[in-house]
Amino acid sequence: MNKKEVFSIGVMSGTSLDGVDLVYVKFEKNNYSNFEILHATTIPYSSEWRQMLQSAIQSSNKELEKLDVVYGKYLGEVINNFIYNFKINNIDFVASHGHTILHQPEKGITLQIGSGKEIAKVTKQKVVCDFRTQDVKLGGQGAPLVPIGDKLLFSEYDFCLNLGGFSNISYDENEKRIAFDVCPVNIVLNFYANKLGLEYDKSGKIASGGNINQQLLEKLNSLEFYKQKPPKSLGLEWVQQEILPLINSFENDVPIILRTLVEHTAIQISKVIAGNNSILVTGGGFFNDFLMERINNISKIHIQHVSKDLINYKEALIFALLGLLRIDNQINCLKSVTGASKNHSSGEIFYP
Ligand SMILES: Nc1ncnc2c1ncn2[C@@H]1O[C@H](COP(=O)(O)OP(=O)(O)OP(=O)(O)O)[C@@H](O)[C@H]1O
Ligand SMILES: CC(=O)N[C@H]1[C@@H]2OC[C@@H](O2)[C@@H](O)[C@@H]1O[C@H](C)C(=O)O
């Protein structure tokens, strides 16, 4: 794109299923880290949409094709409302991650729904989407993709940690970006909080009142995934096959489960980040005070305080950057992170 300043809308629907995150951002082409988040919001899912997205993993290919279109139209409308409500009138492109329904990269599968063609039709904007498929085709994990953005935008931190549905981490080692999914976080915490009729365990209050089940904790920490070296990534399939059956085999009360999960998360994260380093922590898990306290106590790392917009919208912001890199045909997927056969520029572009 032949411009000094670029204006983009980044759209992300994460695995916690809390809603659609949107940012309107300005990038400076000769210095990406000089970005500015101009507007940001989250549009919470209705219970119908949450239910549809949650159960889509069981759908047939035909049903998924339909959902891709319907959800693409929905995203298009959500973006139009965002544009209208914030009176946005200068947009170079929209970059949309979509919502992950399937993710088993070792089988060559990753699927993010939310048709770019539909979004382009509804919004009348240029749209970049489908950022993961090409990486999986090139033998990569297709995730995490945010680390190249961590490197380009937040190089002043030793570690970038995101506490979303899953947690992931990225850092430089011998001048190479290393990154991987660490462990499940809100995707499982929310699942058990839901059993008490809550959307999530606010500030980790319920977890903090429970006791650790040591036997369950040991079993969780011994899972095969934690022995694997990166590149590696996690999906809902793994949670359903490995985590939920293990937890449910113990018949614990919800506070005990949440307490044990928080400890498990803090231990897994501290295995990676311990030391006298600086860290950028983002994602909704940042607001789980009890989880943050446990991570702090175990790792003794110095956690920096940053703006709420950055905590909540780093992923949407970085997908906007990945979209810009894609439009400019620049590398936006790193083989050192995903394990793909080469660095590449990923994402499909649709025109209105
Ligand atoms: N005050 C809070 N206390 C505890 N947990 C919170 C709080 N606020 C948000 N969360 C958790 O953060 C979740 C949302 O996090 P986030 O938006 O980072 O997830 P995501 O974008 O779906 O994740 P992913 O990075 O996997 O794509 C909520 O569902 C909830 O579990
Ligand atoms: C396949 C998929 O959607 N993965 C997500 C998920 O949510 C968190 C973690 O698992 C991460 O690997 C990824 O998202 C972030 C945005 C990423 O690609 O960096």
Side-chain angles (χ1 to χ4, degrees), residues 10-22 40 42-45 50 53-54 95 97-105 109-114 130-133 135-136 140-151 160-170 177 179-194 198-208 230-239 258 261-262 265 281-293 308 310-319 321-322 332-334 337-338 346:
V11 188
M12 172 76 198
S13 171
T15 41
S16 305
L17 274 170
D18 53 332
V20 182
D21 296 335
L22 300 118
T42 300
I43 304 302
Y45 281 122
R50 190 169 296 151
L53 294 172
Q54 216 157 25
H97 168 268
H99 188 83
T100 295
I101 302 296
L102 308 171
H103 188 65
Q104 290 177 281
I109 299 170
T110 189
L111 174 69
Q112 286 70 48
I113 58 162
D130 197 7
F131 290 94
R132 303 190 193 272
T133 306
D135 193 76
V136 170
Q141 290 287 311
L145 296 188
V146 159
I148 188 167
D150 289 340
K151 190 175 171 69
C160 292
L161 173 70
N162 193 68
L163 299 171
F166 297 96
S167 63
N168 56 51
I169 186 117
S170 88
R177 199 70 182 174
F180 53 95
D181 285 348
V182 182
C183 60
V185 186
N186 296 317
I187 196 168
V188 199
L189 293 176
N190 288 0
F191 180 83
Y192 288 101
N194 291 169
L198 301 168
E199 199 182 316
Y200 58 83
D201 178 14
K202 196 160 186 220
S203 309
K205 275 257 153 53
I206 297 168
S208 69
K232 56 181 181 173
S233 65
L234 290 168
L236 177 61
E237 294 90 330
W238 180 79
V239 169
L258 293 176
L261 281 168
V262 163
T265 305
V281 182
T282 55
F286 180 88
F287 303 108
N288 185 326
D289 298 330
F290 183 59
L291 173 64
M292 292 306 292
E293 185 189 309
K308 268 199 167 172
L310 190 54
I311 295 171
N312 284 322
Y313 300 105
K314 186 188 85 168
E315 293 181 337
L317 160 75
I318 291 183
F319 275 97
L321 177 64
L322 300 191
N332 63 6
C333 283
L334 297 172
V337 170
T338 66
S346 182

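Counting starts at 1 for both ligands and their atoms, in listed order. Note that these values count all heavy atoms, side chains included, but never hydrogens, waters or copies made by symmetry.
- Looking at ligand 1, you'll find an N or O of G284 within less than 3.5 Å of one of its N or O atoms.
- By the 3.5 Å distance cut-off applied to N or O atoms, N162 is counted among the residues near ligand 1.
- When the heavy-atom distances from atom 2 (C) of ligand 2 to L145, L234, I187, T100 are ranked, the shortest goes to T100.
- When only non-hydrogen protein atoms are considered, atom 25 (O) of ligand 1 lies nearest to E315 OE2, 2.8 Å.
- L163 contributes atom CG, which lies 10.5 Å from atom CZ of F287 (distance to the nearest 0.5 angstrom).
- At a threshold of 4.0 Å, the pair D150-K314 counts as salt-bridged, since one of the basic side-chain nitrogens sits closer than that to a carboxylate oxygen.
- In this structure, N288 contributes its side chain and M292 its backbone to no donor-acceptor pair below 3.5 Å.
- At a 3.5 angstrom cut-off on N or O pairs, D21 does not count as close to ligand 1.
- For a threshold of 3.5 Å applied to N or O pairs, the pair formed by G165 and ligand 1 contains at least one separation below that value.
- In the candidate list L234, D289, N190, T42, N190 is nearest to atom 29 (O) of ligand 1, counting heavy atoms.
- For the ligand labelled ligand 2, residue F131 lies outside the 4.0 Å heavy-atom shell.
- No part of N312 comes within 4.0 Å of ligand 1, judged by heavy-atom distances.
- Proximity of L189 to ligand 1 is not established, as no heavy-atom distance is less than 4.0 Å.
- Neither the backbone nor the side chain of S233 comes within contact range of ligand 2; no heavy atom lies under 4.0 Å.
- Of the candidates R132, Q141, H103, T110 forms a side-chain hydrogen bond (donor to acceptor under 3.5 Å, both in side chains) with just one, namely H103.
- Both the backbone and the side chain of S16 come within contact range of ligand 1, each with a heavy atom under 4.0 Å.
- Residue, atom and distance of the protein heavy atom nearest to atom 13 (C) of ligand 1 are N186 ND2, 3.6 Å.
- Looking at ligand 2, you'll find an N or O of D181 within less than 3.5 Å of one of its N or O atoms.
- On a distance-only criterion, E315 and ligand 2 share no N/O pair closer than 3.5 Å.
- Of all atoms in ligand 1, numbered sequentially from 1 with element shown, those under 4.0 Å from a heavy atom of G164 are 18 (O), 19 (O), 23 (O), 24 (P), 25 (O), 26 (O).
- Looking at V146 against ligand 2, both its backbone and its side chain come within 4.0 Å, counting heavy atoms.
- Considering only non-hydrogen protein atoms, atom 14 (C) of ligand 1 sits nearest to D18 OD2, 3.4 Å.
- Within ligand 1, the atoms closer than 4.0 Å to a non-hydrogen atom of M12 are 27 (O), numbered from 1 in the order shown.
- Using a 4.0 Å cut-off to heavy atoms of D201, the atoms of ligand 1 that qualify are 3 (N), 4 (C).
- Of the protein's non-hydrogen atoms, T15 OG1, 2.4 Å is the one closest to atom 26 (O) of ligand 1.
- Of all the atoms in ligand 1, the ones that sit under 4.0 Å from a non-hydrogen atom of G283 are 18 (O).
- Comparing S203, G285, G19 by heavy-atom distance to atom 3 (N) of ligand 1, the nearest is S203.
- Residue contacts with ligand 2 include R132, since one of its heavy atoms falls under 4.0 Å from the ligand.
- No hydrogens or angles considered: nothing links the side chains of N332 and S346 as a donor-acceptor pair under 3.5 Å.
- Contacts between Y200 and ligand 1 below 4.0 angstrom, taking non-hydrogen atoms only, involve the side chain exclusively.
- The shell of residues lying under 4.0 angstrom from ligand 1, judged by heavy atoms, excludes E199.
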With side-chain contact (heavy atoms from CB on, under 4.5 Å) as the criterion, how do L234 and V239 come out once you've worked through the C-alpha distance, each side chain's angles and the decisive distance to 0.1 Å? CA-CA 8 Å; L234 290 168; V239 169; over 6 Å; no
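- Contact atoms of ligand 1 toward F166: 26 (O) (distance under 4.0 Å to a heavy atom of the residue).
- Proximity annotation for atom 7 (O) of ligand 2: of N162, I148, T15, T15 comes nearest, heavy atoms only.
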